[in-house]
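Indexing begins at 1, ligand by ligand and atom by atom, following the structure's order.
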Amino acid sequence: VQSNIPHQTDLPVSTQGAPSLALLQSIIDELPGIIYLVRGWDARIVLANNAARGTLGAHWQPDQSLLDVLAAAQVQISSEEGRPLPLASPAIMQSIQQRKKITPRLVHVQRPGGASRVLLAHALALDPAPLAQLQTGEKAAERIAPEEREPWALIVLEDRSLHQEAEQLKQVVQALKEAEVIKDDFIATAAHELRGPLTALVGYAEMLKEQQTGKGGAELAEWQMEALQIIAHDTMFIANLTSELLDVTRIQAGQLELHRYQANLVALVQRVAKRLRNATQSHELSVEAAAPRMYVSIDVQRIEQVVANLLSNAIKYSPEGGKIRVTIRSDQERGVAELAVQDQGIGIPESQHAGIFNRFFRAENALASGAEGAGLGLYLCKELVRLHHGRIWFESRAGQGSTFYVSLPLLAPGTFRESGPLGT
Ligand code: ADP
C-alpha cells in the first residue's frame, strides 16, 4: 500500500506550539478504526490513518475527494438494506457545517474481490478555524472570513463485522437453547405419561410369568411362554429407558433433588451385587471391602442406581462371562470412599474414551456387540456422582476389560449415627 502521509518537513510548523498535521497523523494512525480528516463540500482528504489505507486499500493524494478515492478503488458502500450510500455527500458536509447531529449508521463496505464488512460510520464536525490555520499557515487562515471557512469533519468507521457475527451467533445459541427446552419438555411429558401404563404392563407380565412357574395357572404352550418372556423383557427395557429419560430431563432442568441419608456404602454395594448376581449365571461377581462399614451422606436410591448401572454394564459388556470384582476402600487422608468395578469384558477402545460419559454415546465395539442400550446410564452416573460432590472415571483398553471407579466424600468419624435404618 502506497503511503501518502506528507513528510513532516513539508508541513507548516505551528508557531505557538499547536500540533502539526504530522503529529495529528501519528495520533490517528494509532487509533483503532478507519479515520479520515476531510474538508470542504466535496470532502477532500486532509489525512487518513493506517487502518483506512489498509482496510479500504485506496491510494489518495492530499486534497483529493474521499468520494473519488473510494470510487477509483471501486469500494461499494451501501446501507443495511443494500441501498448505495455516499459516505461523505455534500448533504452530510452541509449538516456537519450546520452542526446538526448526525446519527452514526451501519454501512456495508465491499471491495472488489473482498468480503463485505459491516462498519459503523460516524461523521463528526470539527471547528474549522484552528484546522485551517494548521493547514494554510496562521496568517493566511486569519484572512478568511468565518462564513467563508469550509467545513471540516472526521469520518470514523468502526468495524462491527465481528460484533455483528457475535450478535447473530448469540441469537442462534438462544434459539437452540429454546429448542432444547421445548425438546426436554416434550421428552419429560412423554416419559411421564408412559410411566404409568408401563408399570402396569411390567407388573402384569411378571404376574403371568409367575403363574406359569408353579402357581397353578392354565398351562401355556412353549411359544406362548416365550412370547410372555419377550413381553416381560421388552416392557422392562422400555420402562427403564423411560425412567432414564425422565432423570435426564430432570438433571438438564436442574430439578433432580437428592434425599440424603447417612448410609454404609459397603452394605449398599453388597445389596446391589446380590440383586445382580441373580441376573447372571455366566459371571462370578465378588465384593471385597477393606472395612465392613464406610459411612457416606448419600441419596441411597440414587447411589444404588449408579452402582447397579456399573455392575450391569460390567455384565452386559462381558458377553463371554468371567469375573467381576467390586472393591471398596477408604482413603482417610483424602476423606473419600472409593469403589472400583472391574470386568474382563470387551473393554473400550482408546479412540472412544472421550465420549463415554456423554448423553446417548455408545462405543463402536459396544454397538457391534449387539448389546442393547441407549447410552444414558453413564451420563446419569456422572451427573449423580457430581451432585454428591464425588468423582467418576475409568481405565479400559479394547479387549482387555474395564475398571470404573467412583469416589464419594466420607463422613468424618463420629459424625454418623451407627443405627440408622440404612446404617447396616
Ligand atoms: P449403554 O450401556 O446403554 O450403552 P452407558 O451410558 O451405560 O450406556 O454406557 C455408555 C457406553 O460406554 C456403552 O455403550 C459402552 O460403549 C461403554 N461401556 C460402559 N461400560 C462398559 C464396560 N464395562 N465395558 C465396556 N464398555 C463399556
Side-chain angles (χ1 to χ4, degrees), residues 184 187 191 194 198 202 233-252 256 269 272-273 275-277 279-288 301-328 338-388 390-407:
D184 283 350
I187 295 175
L194 283 170
L198 276 171
V202 170
H233 171 271
D234 286 3
T235 27
M236 183 64 94
F237 177 76
I238 303 172
N240 288 341
L241 179 60
T242 311
S243 87
E244 279 187 339
L245 280 173
L246 212 50
D247 284 347
V248 170
T249 53
R250 281 194 193 119
I251 284 173
Q252 297 278 301
L256 194 136
V269 173
V272 177
R275 208 169 70 218
L276 278 152
R277 226 175 255 131
T280 175
Q281 271 112 48
S282 47
H283 301 84
E284 192 188 309
L285 208 163
S286 67
V287 179
E288 293 158 39
Q301 214 187 332
R302 292 303 184 180
I303 293 300
E304 276 188 6
Q305 184 180 347
V306 171
V307 177
N309 220 303
L310 297 181
L311 286 179
S312 55
N313 275 354
I315 293 171
K316 184 162 67 167
Y317 296 112
S318 308
E320 314 267 289
K323 290 196 173 108
I324 295 169
R325 260 185 84 201
V326 185
T327 45
I328 319 163
E338 192 178 288
L339 169 80
V341 179
Q342 184 183 34
D343 65 52
Q344 300 174 313
I346 61 171
I348 303 166
E350 197 133 351
S351 62
Q352 313 279 290
H353 279 200
I356 283 298
F357 292 106
N358 292 349
R359 269 190 301 170
F360 302 111
F361 184 91
R362 307 201 69 208
E364 283 160 7
N365 63 338
L367 287 168
S369 77
E372 61 190 11
L376 289 174
L378 284 183
Y379 167 77
L380 287 173
C381 288
K382 179 191 73 176
E383 291 299 320
L384 291 172
V385 169
R386 186 181 58 82
L387 286 172
H388 282 86
R391 215 160 72 77
I392 185 166
W393 71 103
F394 68 96
E395 288 162 4
S396 182
R397 282 171 66 186
Q400 299 192 18
S402 315
T403 308
F404 278 82
Y405 300 89
V406 171
S407 76

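- If you check which protein heavy atom lies closest to atom 12 (O) of ligand 1, you get I356 CD1, 3.4 Å.
- The closest protein non-hydrogen atom to atom 21 (C) of ligand 1 is Y317 CD1, 3.5 Å.
- Contact annotation: for Q352 versus ligand 1, there are no heavy atoms closer than 4.0 Å.
- The protein non-hydrogen atom at the shortest distance from atom 16 (O) of ligand 1 is A363 N, 2.9 Å.
- In this structure, the protein non-hydrogen atom closest to atom 10 (C) of ligand 1 is F361 O, 3.4 Å.
- Not one N or O of I346 is nearer than 3.5 Å to an N or O of ligand 1, by distance alone.
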Going through the checks in order, is the side-chain contact (heavy atoms from CB on, under 4.5 Å) test met by E244 and Y379?
-> CA-CA 10 Å; E244 279 187 339; Y379 167 77; over 6 Å; no
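- Distances between N or O atoms of L378 and those of ligand 1 include at least one value under 3.5 Å.
- For the ligand labelled ligand 1, residue F404 lies inside the 4.0 Å heavy-atom shell.
- Annotation: N313 places an N or O atom under 3.5 Å from an N or O atom of ligand 1; distance criterion only.
- Given atom 8 (O) of ligand 1, the protein heavy atom at minimum distance is G375 CA, 3.1 Å.
- Residue pairs meeting the side-chain hydrogen bond (donor to acceptor under 3.5 Å, both in side chains) criterion with at least one partner in residues 305-317, sequence neighbours excluded, are D247-Q305, R302-Q305, Y317-R362.
- Looking at N309 against ligand 1, only its side chain comes within 4.0 Å, counting heavy atoms.
- Among residues two or more places apart in sequence or in another chain, the side-chain hydrogen bond (donor to acceptor under 3.5 Å, both in side chains) test is passed with E364 by none.
- Backbone and side-chain nitrogen or oxygen atoms of S402 are examined, and one is located within less than 3.5 angstrom of a nitrogen or oxygen of ligand 1.
- Within the 4.0 Å heavy-atom criterion, neither part of C381 lies near ligand 1.
- Residue D343 touches ligand 1 through its side chain alone, judged by heavy-atom distances below 4.0 Å.
- The shortest N or O to N or O distance between A366 and ligand 1 is not under 3.5 Å.
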